[in-house]
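We count residues from 1, following the sequence as given.
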Amino acid sequence: MIKFFLIVNKQGQTRLSRYYERMEVQRRTLLESDVIKLCLSRSKDQCSFIEYKDFKLVYRQYASLFIVVGIDESENEMAVFELIHNFVEVLDKYFSRVSELDIMFNLDKVHIILDEMLLNGSAVETNKTRILAPLLVLDKVGDS
C-alpha cells in the first residue's frame, strides 16, 4: 500500500503532499524533512529505492522536481516506480510539458489527477485518457 505521495523541488520545498494513512501534522513535517534530506542528498547513480524506518521510499527526479512515494513492504517497488512515471506523463499530456509553476498554480487539478490514479493508497487507474476525462469535463463546464 502507498502511504504517502510527495512532490518536492530541489530547494526542499514541498509542492504537493497526499497521505493515505492518518498522521499528526508534526509527524508529517518531521517525516517530510527527513525524506527530503535523504532523497536530495543522493546522487543520480544511486538506486531510487531507499529503506526508511518502517517503510520504503521510491523516488524519481524530473528536472528540478522529485516525486517521492512511501510504500509498505507488500508493495512492488518497480510498479510504484512506473506509476510515478505514468503520473508525470499524464501531467505532461494535460499541461503540455509540465513545470513546477504548473503544479503550483493548478494544485487542484494535480490533486484530481492523483485522485483518479490512486484510491486509499492503491493504484486504480493507469490509462491516461480515462485519468484525464473528468478534468476535461470540468474544463468544458468552466469554459461555457
Side-chain angles (χ1 to χ4, degrees), residues 1-50 52-53 55-72 75-144:
M1 180 180 142
I2 294 173
K3 295 186 174 202
F4 61 85
F5 193 100
L6 301 172
I7 298 179
V8 181
N9 67 12
K10 279 187 176 178
Q11 288 76 36
Q13 299 167 317
T14 303
R15 295 300 179 202
L16 175 135
S17 66
R18 173 68 63 145
Y19 289 83
Y20 297 99
E21 209 173 65
R22 190 188 176 300
M23 194 181 300
E24 299 88 34
V25 175
Q26 289 176 329
R27 189 163 173 241
R28 281 184 187 189
T29 307
L30 285 172
L31 175 79
E32 283 181 27
S33 66
D34 286 350
V35 165
I36 290 166
K37 284 178 197 170
L38 201 58
C39 291
L40 291 179
S41 66
R42 295 173 65 87
S43 72
K44 289 189 179 208
D45 298 333
Q46 289 180 297
C47 181
S48 295
F49 310 139
I50 306 169
Y52 176 78
K53 294 188 179 178
F55 51 89
K56 299 175 189 173
L57 302 174
V58 179
Y59 73 94
R60 272 186 110 147
Q61 181 180 0
Y62 293 92
S64 66
L65 292 176
F66 284 82
I67 299 178
V68 184
V69 180
I71 59 173
D72 61 16
E75 195 72 42
N76 182 332
E77 295 97 338
M78 284 305 292
V80 174
F81 195 68
E82 286 303 313
L83 181 77
I84 293 170
H85 187 68
N86 190 43
F87 175 71
V88 172
E89 285 180 336
V90 172
L91 291 176
D92 272 341
K93 187 173 180 180
Y94 183 74
F95 292 111
S96 43
R97 296 201 31 94
V98 68
S99 69
E100 184 177 352
L101 290 175
D102 290 325
I103 292 170
M104 287 172 53
F105 295 123
N106 297 289
L107 196 57
D108 56 336
K109 293 178 181 181
V110 177
H111 273 282
I112 290 171
I113 291 170
L114 188 58
D115 289 343
E116 287 295 317
M117 293 181 75
L118 299 174
L119 179 67
N120 294 331
S122 298
V124 291
E125 186 61 71
T126 56
N127 183 297
K128 294 175 191 77
T129 307
R130 286 194 213 134
I131 292 168
L132 289 175
L135 214 50
L136 297 175
V137 169
L138 284 173
D139 288 346
K140 284 182 184 176
V141 170
D143 291 342
S144 58

What distance separates [X] [atom1] from [Y] [atom2], expressed to the nearest 0.5 Å?
X      : Y     : atom1 : atom2 : answer
Ile7   : Leu91 : CD1   : CG    : 6.5 Å
Asn76  : Met78 : CG    : CE    : 8.0 Å
Thr129 : Lys93 : OG1   : NZ    : 3.5 Å
Leu57  : Cys39 : CG    : SG    : 5.5 Å

Point to revise | Reference residue Phe5; test ring pair (Phe, Tyr, Trp, His ring centres under 6.0 Å); the match among Tyr20, Phe87, Tyr19 | key: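 It is Phe87; the other options fail the test.
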If only atom types and distance count, is the side chain of [X] paired as donor or acceptor with the main-chain N or O of [Y] below 3.5 Å?
X      : Y      : result
Asn106 : Ile103 : no
Asp72  : Phe55  : no
Arg60  : Ser48  : no
Glu32  : Thr29  : no
Glu75  : Met1   : yes
Arg42  : Cys47  : yes
Glu116 : Leu118 : no
Glu24  : Gln26  : no
Asn86  : Thr126 : yes

Find out whether [X] and [Y] are in side-chain contact, i.e. whether some heavy atom of one side chain is under 4.5 Å from a heavy atom of the other.
X      : Y      : result
Tyr59  : Phe81  : no
Ile112 : Tyr94  : no
Leu132 : Ile113 : yes
Leu65  : Val88  : no
Tyr52  : Leu31  : yes
Phe4   : Arg18  : no
Arg27  : Leu30  : no

Might you point out which heavy atoms bring [X] and [Y] nearest each other, and give the distance in Å?
X      : Y      : answer
Leu107 : Arg15  : CD1-O, 3.5 Å
Leu83  : Ala123 : CD1-CB, 4.1 Å
Glu100 : Ser64  : OE1-OG, 3.6 Å
Ile71  : Glu77  : CD1-CG, 4.1 Å

Point to revise | Stepwise salt bridge (charged side-chain N to carboxylate O under 4.0 Å, His left out) test for Lys109 and Asp139 | key: CA-CA 10 Å; Lys109 293 178 181 181; Asp139 288 346; 3.6 Å; yes
Review point. In terms of side-chain heavy atoms, does Tyr62 have a donor or acceptor partner in Asp92 at a distance below 3.5 Å?
Key: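 There is no such pair (donor and acceptor under 3.5 Å, judged by atom type) between the side chains of Tyr62 and Asp92.
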**Study point:** Arg130 CZ: over 12 foreign heavy atoms closer than 6.0 Å
**Key:**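 Atom CZ in Arg130 is not crowded, with 12 or fewer foreign heavy atoms closer than 6.0 Å.
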**Study point:** Heavy-atom neighbours of Asn120 CG exceed 12 at 6.0 Å
**Key:**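 No, because the 6.0 Å sphere around CG of Asn120 holds 12 heavy atoms or fewer from other groups.
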Practice item. Please report the C-alpha distance between Ile67 and Leu6 in whole Å, then the side-chain angles of each, then the deciding distance to 0.1 Å, and finally whether the side-chain contact (heavy atoms from CB on, under 4.5 Å) criterion is met. Key: CA-CA 6 Å; Ile67 299 178; Leu6 301 172; over 6 Å; no
